[in-house]
**Student:** 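Have a look at the structure that comes next, please.
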Amino acid sequence: MGRRTVGVHHVRAALRGAERLGLDTVPLLQRARIAPLLLSDPRARVSPEQFTRLIKELRRATGDEFLGLAPSPSRPGTFAMMCYAALGCADLGAALRRGVRFYGLFPGGPDLDVTERDDGTAVFSLRGDPAAGGPATGAPRPAGGDPFLAESVLVIWHRLTSWLIGRRIPLLWAEFAYPPPSYAEEYDALFGCPPRFGADRTGAGFDARWLAAPVVQDEAALEELLHRAPADLLSRREYGTTVAEQVRRALTRAVRGGTGSGSPGSGGAGAGAGNGPVRARAGRLPEFTEVAARLAVSPATLRRRLQREGTSFQRLKDAVRREAALAGLAEGREPIAELAARLGFSEDTAFHRAFRRWTGTTPGAYRLAWAGTAPDAYRPPRTDTAPATHRQAPTDTAPGTYRPPRTDPYRPAGGQPPHPTHPENWSQQS
């Protein structure tokens, strides 16, 4: 599984606008093939396809590209017209300024800004809280505020600018005018740089030289992008530029292929003897020293760099296994024993213990919850973060065979190869 799953906190946040409008969100979740019951489990996650379907359902139900989260709605088609307007510019700087002016025509829309600093940094920022509709106050958002719309606007504009020039623009920093949310640890992967919270405004900085980069996309490529926007732009997170992401990518490739750097029988975690054909196919995730060798650094240097980025090899390995396990169980096609083997567990019991530690439930119960066939089999922890309307037993939420067209908004037009920092493991997400 080369794609990251999406935390249920983002699902709940996306639903808040529809809830404020008095819409019944349960049918929307079911059409997106998301079991409503899972929303009460803070550790639950959904697949990129499910999240994409949910965003599309919410846009249709609210008639609003801001999903009912902003004080004024944005009519469907507004984002597309802004993209077409930006596409006619010669370089990225002109495209960004045109996009800012475009949204400035609509009262109640996001108050965007693009500036250049004397230190050679370009800054894209939100002057104020797009969910509040007022001007910037200079004060951080009070605790308990919903940062989803602000972070979504920043994410989409960063991904869109990278797509326009066919190159991933590395952010130098990203700061947010609100306290750290409960899922703050995901911001590193979301923006590709360490976040700062409690700032005067929400924004991100990058090298101003990128503003002179030519716009390389055409209308045909834009139509492909718009087929899934903005959900696809929201869900593309992996950049592969930090050391942690490079390590994660090496581990993800091993999980996808069912092998690490050695063969299944070479003595790795999955090389158990006498366990039948399933165990013979067990994967072996690369060891820490092997990953360090692949990155051409010493183990000590790799450990220091991971610590500097606030993580460790074990945490990354657990995260990759968790993402692949959740995605595999949600898809429902792979037997649990084979899934455990592919993730490098030598025994089913070890996989069950790990999965319970990650999610608080068993693999079988989690799969049944996704399939919606056993409403009493899975009872996630009750929390106050899920509305009561979500605590219904799911009906038919079994994952289907939906597969969005495989297109790559980071690949330049005309068949040119992607930039070396292109996230290869995004069909991406994992």
Side-chain angles (χ1 to χ4, degrees), residues 1-19 25-61 67 148 151-152 155 181-183 185-186 189-190 228 230-238 252 319-334 339 355 358-361 363 365-373 375 378 380-381 383 385-387 389-404 426-430:
M1 298 297 154
R3 300 162 295 167
R4 280 193 189 166
T5 51
V6 179
V8 75
H9 44 260
H10 278 119
V11 176
R12 289 198 298 259
L15 292 170
R16 288 186 184 119
E19 291 165 351
T25 58
V26 171
L28 303 179
L29 289 165
Q30 292 172 340
R31 285 197 289 273
R33 296 173 184 166
I34 297 174
L37 185 64
L38 294 184
L39 268 64
S40 59
D41 183 355
R43 292 172 292 191
R45 307 184 74 84
V46 302
S47 72
E49 291 86 358
Q50 289 167 315
F51 190 65
T52 295
R53 286 194 291 265
L54 177 63
I55 296 297
K56 289 185 175 181
E57 291 293 336
L58 286 168
R59 290 178 68 183
R60 279 193 286 266
L67 312 181
F148 179 72
E151 72 183 36
S152 297
V155 166
S182 60
Y183 51 93
E185 70 279 357
E186 295 189 12
L190 196 62
R228 297 172 312 281
D232 190 62
L233 290 170
L234 277 172
S235 61
R236 289 179 174 269
R237 291 190 271 175
E238 184 95 26
T252 299
V320 167
R321 281 174 156 176
R322 182 195 68 181
E323 299 279 354
L326 294 174
L329 292 169
E331 289 179 0
R333 292 189 293 268
E334 189 174 15
L339 175 62
F355 193 84
W358 298 330
T359 67
T361 189
Y366 195 90
R367 170 166 284 175
L368 287 172
W370 278 113
T373 56
Y378 176 47
T383 68
T385 56
T389 55
H390 293 152
R391 295 180 184 136
Q392 302 179 24
T395 54
D396 183 11
T397 56
T401 57
Y402 173 82
R403 289 293 181 272
W426 276 94
S427 93
Q428 229 254 31
Q429 281 186 342
S430 167

**Student:** Quick one: closest heavy-atom pair of Val26 and Pro36, and the distance?
**Tutor:** CG1-CG, 4.0 Å
**Student:** Mind telling me whether His9 and Tyr183 have parallel, tilted or perpendicular rings, with 30° and 60° as the class edges?
**Tutor:** parallel
**Student:** Looking only at non-hydrogen atoms, find the nearest pair between Phe355 and Pro363 and report the distance.
**Tutor:** CD2-N, 3.5 Å
**Student:** Which heavy atom in Tyr366 sits nearest to a heavy atom in Ala44, and how many Å separate them?
**Tutor:** OH-CA, 4.1 Å
**Student:** At their closest point, which heavy atom of Gln50 faces which heavy atom of Arg33, and how far apart are they?
**Tutor:** NE2-O, 2.6 Å
**Student:** Do Val11 and Leu38 have side-chain heavy atoms sitting under 4.5 Å apart?
**Tutor:** no
**Student:** Of all the heavy-atom pairs spanning Arg367 and Leu329, show the shortest one and how long it is.
**Tutor:** NE-O, 3.3 Å
**Student:** First locate atom CZ of Arg45, then atom CH2 of Trp358, and finally report the distance between them rounded to the nearest 0.5 Å.
**Tutor:** 12.5 Å
**Student:** About how many Å separate CZ of Phe51 and NE2 of His10, when rounded to the nearest 0.5 Å?
**Tutor:** 6.5 Å
**Student:** What I'd like to find out is whether the side chain of Glu19 reaches to under 4.5 Å of the side chain of Leu15, using heavy atoms alone.
**Tutor:** yes
**Student:** On a heavy-atom basis, which atom in Ala18 and which in Leu58 lie closest, and how many Å separate them?
**Tutor:** CB-CD2, 3.7 Å
**Student:** Once rounded to the nearest 0.5 Å, what's the spacing between atom CZ of Arg59 and atom CG of Leu54?
**Tutor:** 12.5 Å
**Student:** Check whether any side-chain heavy atom of Leu39 lies under 4.5 Å from a side-chain heavy atom of Ile34, and answer yes or no.
**Tutor:** yes
**Student:** Tell me, do Arg31 and Lys56 make a side-chain contact under 4.5 Å, heavy atoms counted?
**Tutor:** no
